[in-house]
Amino acid sequence: MGWLSLPDPHLPIFIALSSIVLVLFLSIAAFFFEIVRKIGCKHSLERTDASDAFFEDPNSLKKVPCPSIFDNAEKYLSLIVPAYNEEHRLPAALVEMMSYLQKRAAADKSFTYEVLIVDDGSTDKTSKVAFDFVRKYKIDNVRLLLLGRNHGKGEAIRKGMLHSRGELLLMLDADGATKVTDLEKLESQVYATGKNKIDDKSLAESSNDIRPKLSDIEVSVFGSRAHLEKQALATRKWYRNFLMKGFHLVVLFTAGPGIRDTQCGFKMFTRAAAKKLFTNIRLKRWCFDVEIVYLCKRLNIPMIEVSVNWTEIPGSKVRLTSIAHMLFELTLIRLGYGLGIWKIYT
């Protein structure tokens, strides 16, 4: 007579633990899926909606309707400056910008510009500082867009881009960490890449006498601090280096190779590129830069990375907890686009 095998006493515990892990996994998956779905639905409603947006003119006390990225360009260059509680750092940055822009406009009469400050729900005197500059330089040159409540840097830039009038659109931070003169490095790359695309397009449409304009060509140029990486590694604390290295690996997995510094806040787009990118972008806070890189690849928009000067300015709003939020947003990118929930409009 054969021996009867006794049941493993650990089996019920294993089954219970496995069930808990499975339920936990499904709950997390459902949580992420629901967030991705809600973001997709909200984006469908607000993708191009700008009917209620306006600028306030402190000189005339009138409301000026916001232009749309779908309108023809009225300026050569738009500078979009997102600002959240920047009453202390914003003034110096704006003084530097206006000094450069005025000198360039005086030397070149064809050079027209606007500075668009987007107040992302600041609770300090950021809007007062911005209005002082609007009052001084007039609303045709400096404009302030008030978002009412805090949405995030990505949303502030998206709104600014959608309401800009430039042929070229430059996003730059309110702290002045990158000198505004470095925009010429990005501008020259836009022209070099755009010229090649214009020539190719003109050859392909040789029967048409109308030569395409630079603003109609899709080009994006990203400022980069990658050349300063060794210096940064030497001065930052070890745990920050560890976290940033891990973050860069996740970015590589999410958006793929090609751009070494996705997070630099100094980026330039032609009007055509901005129109496609910023009517598709979903993320509102930290990782919208990574989403821009991802979208450029999916939309076949050329990306060029250019080294820029960069200085650490006290008052950064990036905290260690921000890394966790960044990883969360990177997961949303993979799920939203990977599962086809987030549609890409062309």
Side-chain angles (χ1 to χ4, degrees), residues 32 35-50 68-70 78 80 82 151-164 166 168-172 186 189-190 193-194 197 215-224 247-248 250-306 325-346:
F32 273 100
I35 289 179
V36 167
R37 187 192 66 80
K38 285 183 177 179
I39 292 174
C41 292
K42 188 174 182 181
H43 175 263
S44 297
L45 295 173
E46 63 183 21
R47 190 169 73 92
T48 59
D49 183 29
S68 168
I69 191 70
F70 293 97
S78 293
I80 293 89
H151 295 268
K153 181 180 177 181
E155 178 67 0
I157 290 175
R158 187 185 78 89
K159 288 284 190 181
M161 290 284 177
L162 294 181
H163 297 312
S164 295
L168 300 180
L169 293 83
L170 175 74
M171 55 175 266
L172 67 168
L186 278 63
Q189 288 297 321
V190 169
T193 307
K197 293 197 72 175
S215 58
D216 297 329
I217 303 298
E218 296 163 7
V219 182
S220 59
V221 183
F222 301 159
S224 174
F247 175 74
H248 289 153
V250 179
V251 168
L252 185 65
F253 172 73
T254 304
I259 300 297
R260 294 175 63 195
D261 182 9
T262 59
Q263 302 308 111
C264 181
F266 204 74
K267 296 181 174 68
M268 182 177 283
F269 308 90
T270 58
R271 192 170 186 82
K275 187 187 304 182
K276 278 194 176 181
L277 292 171
F278 292 95
T279 53
N280 273 296
I281 197 169
R282 268 86 172 178
L283 297 183
K284 298 181 181 295
R285 292 197 178 273
W286 298 109
C287 286
F288 73 97
D289 302 87
V290 181
E291 188 180 8
I292 287 173
V293 173
Y294 182 90
L295 288 170
C296 281
K297 292 185 177 183
R298 292 287 301 271
L299 293 166
N300 295 316
I301 297 175
M303 296 181 291
I304 302 95
E305 193 169 13
V306 178
H325 195 94
M326 290 176 183
L327 294 175
F328 175 73
E329 290 193 335
L330 290 174
T331 304
L332 295 181
I333 293 175
R334 291 296 298 178
L335 291 176
Y337 291 112
L339 296 177
I341 301 172
W342 293 356
K343 305 298 182 184
I344 297 179
Y345 300 90
T346 57

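Computed from a predicted structure; not experimentally measured. In what follows, every heavy atom counts, from backbone to side chain, and hydrogens, waters and symmetry copies are set aside. Quick note: residue numbers are just sequence positions, from 1.
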**Prompt:** Taking Gln189 for the side chain and Val221 for the main chain, is one N or O donor matched with an acceptor at less than 3.5 Å?
**Reply:** no
**Message:** Less than 4.5 Å apart, side chain to side chain, heavy atoms only: is that true for Ser164 and Phe278?
**Reply:** no
**Backbone N/O of Asp216 and side chain of Arg271: donor-acceptor pair under 3.5 Å** = no
**Prompt:** Do you know which two heavy atoms are closest between Asn280 and Tyr337, and how far apart they sit?
**Reply:** O-OH, 3.7 Å
**Message:** So does Phe70 get a backbone contact from the side chain of Ser68, meaning a donor-acceptor N/O pair under 3.5 Å?
**Reply:** yes
**Item:** Trace of the salt bridge (Lys or Arg N to Asp or Glu O under 4.0 Å) decision for Lys276 with Glu218
**Value:** CA-CA 9 Å; Lys276 278 194 176 181; Glu218 296 163 7; 3.0 Å; yes
**Asked** Residues two or more places apart in sequence or in another chain: which of them pass side-chain contact (heavy atoms from CB on, under 4.5 Å) with Thr254?
**Response** Val250, Val290, Leu330, Ile333, Arg334
**Complete:** For Glu305, the side-chain contact (heavy atoms from CB on, under 4.5 Å) test, sequence neighbours excluded, returns Ser224, Ile259, Arg260, Asp261
**Prompt:** When you look at NZ of Lys343, are more than 12 heavy atoms from neighbouring residues, nucleotides or ligands closer to it than 6.0 Å?
**Reply:** no
**Request:** Answer yes or no: is there a side-chain heavy-atom contact under 4.5 Å between Phe269 and Ile301?
**Result:** no
**Request:** Compare all side-chain heavy atoms of Phe266 with those of Val306 and state whether any distance is below 4.5 angstrom.
**Result:** no
**Item:** Gap between atom CD1 of Ile35 and atom CG of Leu335 - 0.5 Å precision
**Value:** 10.0 Å
**Asked** Closest approach of Tyr345 and Leu299, non-hydrogen atoms and distance?
**Response** O-CD2, 4.2 Å
**Request:** Find the distance between CD (Glu155) and CZ (Arg285) and round it off to the nearest 0.5 Å.
**Result:** 10.0 Å
**Request:** Could you tell me which non-hydrogen atom of Gly223 sits nearest to which non-hydrogen atom of Leu186, and how far apart they are?
**Result:** N-CD2, 4.1 Å
**Message:** To check you understand the geometry: which heavy-atom pair defines the closest contact between Glu329 and Trp286, and what is its length?
**Reply:** OE1-N, 3.2 Å
**Distance in Å, Leu283 CG paired with Arg158 CZ, rounded so as to fall on 0.5 Å steps** = 11.5 Å
**Complete:** Rounded to the nearest 0.5 angstrom, the OG-CG distance for Ser78 and Leu170 is 9.5 Å
**Request:** Indicate yes or no: at least one non-hydrogen side-chain atom of Ile157 is less than 4.5 angstrom from one of Lys267.
**Result:** no
**Minimum heavy-atom distance Glu291-Arg282, with the two atoms named** = OE2-N, 2.9 Å
**Asked** Backbone N or O of Val219 within a donor-acceptor pair of the Thr270 side chain at under 3.5 Å?
**Response** yes
**Request:** Supply the atom-to-atom distance Ile80 CD1 to Leu169 CG, rounded to the nearest 0.5 angstrom.
**Result:** 4.5 Å
**Item:** CA sep, side-chain torsions, deciding dist, call: Leu332, Trp342, side chain to side chain contact (heavy atoms under 4.5 Å, CB included)
**Value:** CA-CA 10 Å; Leu332 295 181; Trp342 293 356; 4.0 Å; yes
**Request:** Could you tell me which non-hydrogen atom of Pro82 sits nearest to which non-hydrogen atom of Leu172, and how far apart they are?
**Result:** CD-O, 3.3 Å
**Message:** So, taking the atom named CE in Met268 and the one named CE in Met171, what distance separates them when rounded to the nearest 0.5 Å?
**Reply:** 11.5 Å
